[in-house]
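Comments concern the structure below.
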Protein chains: 4
Amino acid sequence: MSHNTFGYLFRVTTWGESHGPALGCVVDGCPPGIRFTLADIQGELDRRKPGQSRFVTQRREPDEVKVLSGFVMDGDGETMISTGTPISMMIENVDQRSKDYGEIARQYRPGHADYTYDAKYGIRDYRGGGRSSARETAARVAAGAIARKIVPGMSVRGALVSMGVKEIDRSRWNWNFIRDAENPFFTPDPDSVKVFADYLDGIRKAGSSVGAVIEIVAEGVPAGLGAPVYGKLDQDIASNLMSINAVKGVEIGNGFEAARITGEENADEMRMGNDGKPVFLSNHAGGVLGGISSGQPIVARFAVKPTSSILTPRKSIDTEGNDVEVTTKGRHDPCVGIRAVPIGEAMVACAIADHYLRHRGQVGRQ
Amino acid sequence: MSHNTFGYLFRVTTWGESHGPALGCVVDGCPPGIRFTLADIQGELDRRKPGQSRFVTQRREPDEVKVLSGFVMDGDGETMISTGTPISMMIENVDQRSKDYGEIARQYRPGHADYTYDAKYGIRDYRGGGRSSARETAARVAAGAIARKIVPGMSVRGALVSMGVKEIDRSRWNWNFIRDAENPFFTPDPDSVKVFADYLDGIRKAGSSVGAVIEIVAEGVPAGLGAPVYGKLDQDIASNLMSINAVKGVEIGNGFEAARITGEENADEMRMGNDGKPVFLSNHAGGVLGGISSGQPIVARFAVKPTSSILTPRKSIDTEGNDVEVTTKGRHDPCVGIRAVPIGEAMVACAIADHYLRHRGQVGRQ
Amino acid sequence: MSHNTFGYLFRVTTWGESHGPALGCVVDGCPPGIRFTLADIQGELDRRKPGQSRFVTQRREPDEVKVLSGFVMDGDGETMISTGTPISMMIENVDQRSKDYGEIARQYRPGHADYTYDAKYGIRDYRGGGRSSARETAARVAAGAIARKIVPGMSVRGALVSMGVKEIDRSRWNWNFIRDAENPFFTPDPDSVKVFADYLDGIRKAGSSVGAVIEIVAEGVPAGLGAPVYGKLDQDIASNLMSINAVKGVEIGNGFEAARITGEENADEMRMGNDGKPVFLSNHAGGVLGGISSGQPIVARFAVKPTSSILTPRKSIDTEGNDVEVTTKGRHDPCVGIRAVPIGEAMVACAIADHYLRHRGQVGRQ
Amino acid sequence: MSHNTFGYLFRVTTWGESHGPALGCVVDGCPPGIRFTLADIQGELDRRKPGQSRFVTQRREPDEVKVLSGFVMDGDGETMISTGTPISMMIENVDQRSKDYGEIARQYRPGHADYTYDAKYGIRDYRGGGRSSARETAARVAAGAIARKIVPGMSVRGALVSMGVKEIDRSRWNWNFIRDAENPFFTPDPDSVKVFADYLDGIRKAGSSVGAVIEIVAEGVPAGLGAPVYGKLDQDIASNLMSINAVKGVEIGNGFEAARITGEENADEMRMGNDGKPVFLSNHAGGVLGGISSGQPIVARFAVKPTSSILTPRKSIDTEGNDVEVTTKGRHDPCVGIRAVPIGEAMVACAIADHYLRHRGQVGRQ
C-alpha cells in the first residue's frame with residue numbers, strides 16, 4: 001500500500017486523527033452512475049459507532065458524515081449519483097473534551113504505538129492515539145458503503161465468531177440475528193449472547209480487555225476476479241484487513257487449518273451445475289483458487305488483539321527514558337473486536353470492488 | 001499490489017511461466033553501491049531448488065540465475081555493485097520435457113487454479129500450471145537475495161514449524177540446524193527430522209500431500225519502519241506472504257493467539273536498556289507495534305495448504321462442462337511448504353527493505 | 001498519474017467541483033517536523049484568487065482554507081508542525097449563486113470538456129465546469145504551499161512571459177516586480193504592464209479571450225534529483241504542468257528552441273567553481289541533464305490556451321444531437337493564463353519536493 | 001512515474017544498459033487474447049535500428065527480440081496469443097566492442113548526464129551512456145508493438161517535421177512516403193529529403209549535431225479516454241514523450257500556438273455528423289478536450305535536442321574537479337531525432353492503450 005491510500009482502481013485515501021477537527025476519506029475511481037444515499041453511508045457508520053451498549057466505549061461520537069464532492073443529486077432530492085470524480089466524505093470530531101494528556105504524552109503505553117510512533121516520526125499527536133485511533137476506521141466504513149454498490153448483486157456480511165476463549169457454535173449460525181437489536185456483539189449465534197455478555201462483563205469490570213476473531217463472507221462475487229500471483233484477490237483482502245488497527249492475523253477459507261490436513265481433505269471437488277456453472281461440493285478454499293475468485297462465497301477471518309488500554313499497571317518507559325508504571329484510564333472498549341465487524345466488511349467490500357474494476361479493465365467482461 | 005510488481009521504493013516485477021523459455025524479475029529502486037555476488041543469489045536459489053531430497057519434487061531445474069543489468073563489476077571480477085538502475089535477473093527453463101498435457105488441458109483439477117484461470121482469462125498456459133507454478137517463486141528468491149543487502153545488519157531466517165498434524169518442539173529451536181545437510185525440512189528442531197520424515201514418507205507413498213506452517217524471523221530491523229495505518233509494516237509483510245502460491249493465512253507475532261488472551265497477557269512490557277533503547281520483556285507483538293517496527297525481531301508465520309496434485313481420483317468437471325474424475329500424475333512435492341521457507345524469507349526481506357527506503361525517504365534518518 | 005493523485009512519496013490527492021459544498025486535497029507523505037502557518041497557505045491561495053483586478057473573473061471566492069489533519073500546533077498557537085500523517089485541507093464554496101444552467105446543461109460548448117465529459121462518464125456536474133473548473137486549482141496551490149517547505153533553501157517563482165501576441169522584454173526581468181501591487185499580470189517586465197493592460201482590455205471588451213505562456217524557475221534545488229529515464233525530474237514537472245486545465249504544451253530549459261540549434265550551441269559548458277561544485281557557463285538545459293537536476297535553476301514553461309468561454313456565437317451541437325450556436329455568458333477570465341502563475345509554481349514545487357524525498361529514499365543523502 | 005515503470009493498467013517496466021549483457025522490458029496488464037507475431041515486434045524495432053543510412057549511427061545492433069513469457073503459440077506456429085500474464089521481452093547486446101573508456105569515465109561530457117548521474121548515484125556504468133543510452137529505447141519500441149494491438153482500429157504514426165532550422169512543407173504531407181525506402185528521415189514531405197540530406201551531411205561532416213521536432217498522430221482513438229484533471233490523456237502522452245532521452249518539450253494539438261491566439265480562433269466548432277457522432281470543423285485541440293479524447297485524431301509533438309556528442313572541444317570538468325576540454329569521438333547520430341520517430345509512436349501507443357483499459361475499468365464500456 002502506498003501511504004494512506006488503498007485500492008488500485010477503486011482507491012480510498014483516508015486522513016484525520018482522533019482529536020483534530022475532522023477525519024474523512026476520498027474515494028477515487030468510483031464508476032459514474034452509482035446510486036447511493038446519505039442514509040446508506042450513515043447506516044454503516046452507525047453500526048460501528050461507540051456508545052451503543054455497555055460493551056463498547058462510552059464516548060459519544062455522532063459520526064455524522066458529509067459528502068462533499070463527486071455526485072449530482074437525483075431528482076428525488078435524496079439519491080446521490082456518482083459522476084466518476086472523487087467522492088470526498090468528512091466526519092467532524094465533536095467529542096474533543098479538554099483533558100490533561102500529560103501522562104499519555106510522556107509515557108509509552110505498552111502494546112500501543114506510542115513508542116514506535118516516536119521512533120519513526122519524532123513527533124506525534126498523542127491525543128486519543130492520533131492517527132492510530134480506532135476512530136480512523138470511520139473513514140473506511142464510509143468508503144465501504146460506496147464499495148458495496150459497485151459489484152451488482154454482491155453482499156458482504158461479517159460476524160464475530162470468537163471472543164477471548166469463548167466461541168460461537170457454528171451450527172446455530174443465523175445471519176439475520178446479527179442485526180437484531182438484542183445482539184450487541186455481531187454474533188450469529190443467538191445462544192452466545194449471554195455467554196459473551198457474562199464473559200465481557202467480567203473483563204470490563206476487571207479493567208481488562210480481550211481479543212476477538214471476526215469472519216467476513218462476501219456472496220455474489222463473480223468468478224474471475226484477482227490474479228494468479230500478486231494482486232491475488234485473497235492477498236488484497238488480507239492486506240486490507242491487516243491495515244486495520246490491532247489486527248494480528250488473517251485467514252482465507254479454512255486458513256491455518258489447511259496446513260494441518262491432506263490434499264484429499266482440502267481440495268474442493270466440483271460437479272457441473274444446472275446453470276452452466278460448476279457446483280463446488282465444499283468451500284475450504286474460501287472462494288478463491290489460485291488468487292482468483294471461483295464464484296463461491298469469499299470467506300476471510302481476522303484476529304483482533306485485546307486493546308492495551310487496561311487498568312492494571314504495566315511496566316514501561318517514558319519519553320525521557322525513565323522506567324515507569326503505566327495505567328490507562330478513560331473510556332475504552334473492553335473488546336475492540338466487536339466494532340471491527342463493520343470495518344472488516346468495509347475493507348473486504350473495497351478489495352472486491354477494486355478487483356471487479358481491475359478485471360473489467362484488463363479483460364473487458366464480467 | 002499492482003499487477004506483478006510488489007514494493008513501493010524497492011520494487012520487484014516478476015514474469016515467466018513454468019514451461020516458457022525463462023522466468024525472472026526486475027528489481028527496481030535498489031540503492032546504488034550495494035555489493036553482491038552471483039553466488040549470493042545462486043545460493044538462495046539452491047535452497048529452494050527441487051530434487052534435493054526424496055521429500056520434494058524430483059524435477060531437475062538447475063535454476064541458474066543470470067544478472068543482466070543494473071550493476072558494474074568490482075575490480076575483483078566477482079563482486080557486483082548496484083548502480084541504482086534496474087537489476088534484471090533471468091533463470092532459463094531447461095526441464096521442459098515434452099509430454100501429453102491433454103488431460104490437464106481439458107480437466108479442471110480440484111483445488112488448482114485451472115478453473116478460475118479460465119474463468120478470468122479465457123485462455124491459459126496449462127503446462128506446469130503456467131504462471132501459478134511454484135517455479136515462479138524462484139524470481140522472488142532472487143529478488144530477496146538483493147533485498148537482504150539493503151538494511152545494514154539485518155538477517156532474515158525461516159523455519160518450518162509444523163507439517164500436517166506434526167509440530168516442532170520450540171524448546172529445541174536451533175537456527176544452525178536449519179542449514180544442516182541432514183535436515184531436508186528446514187526444521188529448527190533436530191528431533192523432529194525423523195518424525196517429519198516418517199510422516200511424509202507415508203503421505204508420499206499414499207500419493208497424498210500435506211500442508212505446513214512456516215515462521216520467518218527478521219532480526220536487526222531498526223525501530224521506526226512502517227506506518228500507523230495503511231502501509232503498516234506487518235500489513236505489507238502479510239501481503240507479500242499472501243502473494244505466494246498456496247498460502248491461506250498469515251500471522252504476526254502471536255497472531256490468532258492474541259484474540260484469545262487478555263490485554264494484560266498480550267502487551268509487551270518495557271524497561272529502559274543500557275544502550276538507550278527500550279528492552280521489551282516479551283515479544284507477543286512480533287516486533288511491530290501499531291504498524292511500525294519496534295526494534296524487536298519481526299516474527300511472521302504463514303500457512304501453506306497441501307498441493308492438490310494427488311493420486312486419489314477427485315470429482316471435477318472438464319472445460320466442456322462434463323463431470324470427470326481427476327487424478328494428477330507426475331512429479332510433485334508431497335509438502336510444498338518445505339520449499340516455501342526460503343521463499344517466505346525472501347518476501348519478508350523485500351517488504352522490510354522497501355520500508356527501510358520509504359522511511360528514509362519520508363523521515364530522512366534511520 | 002493515478003486518478004486524482006499525483007506524486008510518489010509527496011502525494012497529493014485532490015477532490016471537489018466548482019459548485020459542490022467544498023473542494024480540497026490530502027497531502028500524504030509529508031515529512032514530520034515541517035513548520036508552516038495557515039497564512040503561508042492562505043497567502044498562496046490569495047495570489048490565484050479571482051476578483052483582484054478587472055483582468056480576472058469577478059466571481060467572489062474567499063477561498064478560505066482549513067487544515068483538518070496532520071499537524072500539531074506549536075506553542076506559539078500559530079505555527080503548525082506536520083506529524084507525518086495526511087494533511088487534509090478544505091476550501092468551502094460560498095459563491096454558488098443559483099442560476100439557470102439549462103443551456104450549459106444541454107449544449108456542448110466548443111473547446112470545453114462538455115462533450116468529452118459526457119462521452120466518458122455519461123453524466124456530469126455541468127455547474128461551473130464541474131471537476132474541470134479552474135477552481136479545482138485552489139487545491140493544487142494549497143498543496144504547493146506545503147511542498148515549498150520540503151526542500152531546504154528552495155524557492156519556486158513564476159512569471160507570465162507572453163500573453164497572446166504580446167511578449168515581455170527579458171532584459172527587463174525583475175522578480176521583485178512580480179509581487180508589486182501595481183502588477184496584475186505576474187509579469188516580470190514593468191514596462192509590459194501597460195502593453196498587456198491595453199491588449200487585454202481590448203480582448204475583454206470584445207468578449208474574447210487569449211492565451212499565455214508562463215515560466216517557472218526553481219532555485220536552490222540540489223543536484224541529483226530525478227532519474228536518467230522514466231521518473232525524470234523534467235518529465236514529472238512536465239506531467240504536473242500538463243495536468244493543469246487548459247495547458248497545451250510544456251518546455252524545459254530552451255525547450256523547442258533546442259530542436260533548432262546545434263550540439264555546440266546547446267550543450268552547457270562547465271568549469272570548476274570555488275565551492276567544489278561545477279559552474280555552468282549557460283543553462284540551456286533548464287537545470288536538468290539526462291533527467292537529473294544539475295544544481296542550476298530549474299526552468300520550465302507552459303502554454304495556456306485561451307478559455308473557450310467567449311461571447312461570440314460558435315457552432316456546436318447539443319446533448320440530443322441538434323446543431324446549435326453557443327454563446328458563453330457569465331463572469332470569465334479573459335486570460336486564464338494570468339492566474340496560472342501561482343498554480344504552475346505549486347505544481348513545480350510539488351514535483352521537486354517529491355523527487356527530493358524519492359532521492360533520499362533510494363540514495364540516502366542529499 | 002514510478003521508477004522504470006510506466007502506465008497504470010498497461011504497464012511497462014524497462015531495464016538494461018547499453019553495454020550490459022542485454023536489455024528489455026516486461027509488459028504487464030496486457031489483456032488476454034491479443035494476437036501478435038514476433039515479426040510485428042521485430043518490424044518496429046528494425047525501424048529504429050542504427051546503421052540503416054549514413055545519417056544515423058553506424059553501430060551494428062541486430063536488436064533481435066525474444067519473447068520470454070506471457071503467451072501461448074497459436075496452431076499456426078507463428079502467432080502468439082497473450083495470456084494476460086506478464087510479457088517479458090529481451091534484446092541481447094552484441095556490439096560490446098572492447099575499448100578504452102578512460103576519458104569518458106573520467107570526464108563529464110557537457111550536455112550529457114555524466115555529471116548529474118554521478119551527483120545522484122555516486123557510481124555509474126559510463127560505457128555507452130549506461131542507462132541513458134539511446135539504446136534503452138529499443139525496449140519502449142518493443143512494448144509499443146504490443147500496445148498497438150490493444151485498441152481496436154487504432155493506428156499510431158509519426159513523422160519528423162523539422163530538423164534544425166529546416167522544416168517540412170505540410171501541404172505535401174504524405175503518410176505513405178514515410179515508410180518509403182528512399183526516405184531515411186521519416187519525413188512526410190518527399191521534397192524535403194534532399195534538403196534534409198544536404199543539411200545533415202554538412203552537420204555530420206562538421207562533427208556537429210542538430211535537433212528535430214517529431215509529430216505523432218493517433219487515429220481511431222474512441223472518445224472518452226482520459227480524465228478531466230490528472231490522468232488527462234494528453235498529460236500522460238506528454239509524460240511518456242518527456243521520458244524519452246533528449247526530449248525538451250511537448251505540445252498537444254496546436255500547443256504553444258494556442259497561447260498566441262484568441263478563444264474564437266482556438267476552439268474547434270462542432271456539427272452533428274451522419275453517424276451520430278459530432279464532426280469537428282478543426283482540430284486545434286489535438287483530439288483532447290479537457291483531458292479526454294474527443295474521437296478526433298490525437299496529435300502530439302516533441303522536441304529532441306541535438307546530441308552533445310560532438311567533435312568540437314568543449315569546456316568541462318573531470319571527476320576530480322579539474323577543468324578539461326572534452327571531445328566526443330565515436331559513432332554517433334548527427335540527429336538523434338530521426339530515430340525518435342518510432343520511439344515516439346511507441347510511447348503514444350502505450351499511453352492510449354493504458355487509458356483504454358483504465359476507461360474500461362472505471363466506466364465499463366468503450
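- When each of A/Ala227, A/Pro228, A/Gly33, A/Pro31 is scored by its heavy-atom pairs under 4.5 Å with chain D, the top score falls to A/Pro31.
- Using a 4.5 Å heavy-atom cutoff, the side chains of A/Thr85 and D/Val229 are not in contact.
- A/Tyr8 contributes a side-chain N or O that, together with a main-chain N or O of D/Tyr8, makes up a donor-acceptor pair within less than 3.5 Å.
- The CD1 atom of D/Ile150 sits 9.5 Å away from atom CD of A/Gln362, with the distance rounded to the nearest 0.5 Å.
- Not a single donor-acceptor pair under 3.5 Å links the side chain of A/Arg358 to the backbone N or O of D/Gly361.
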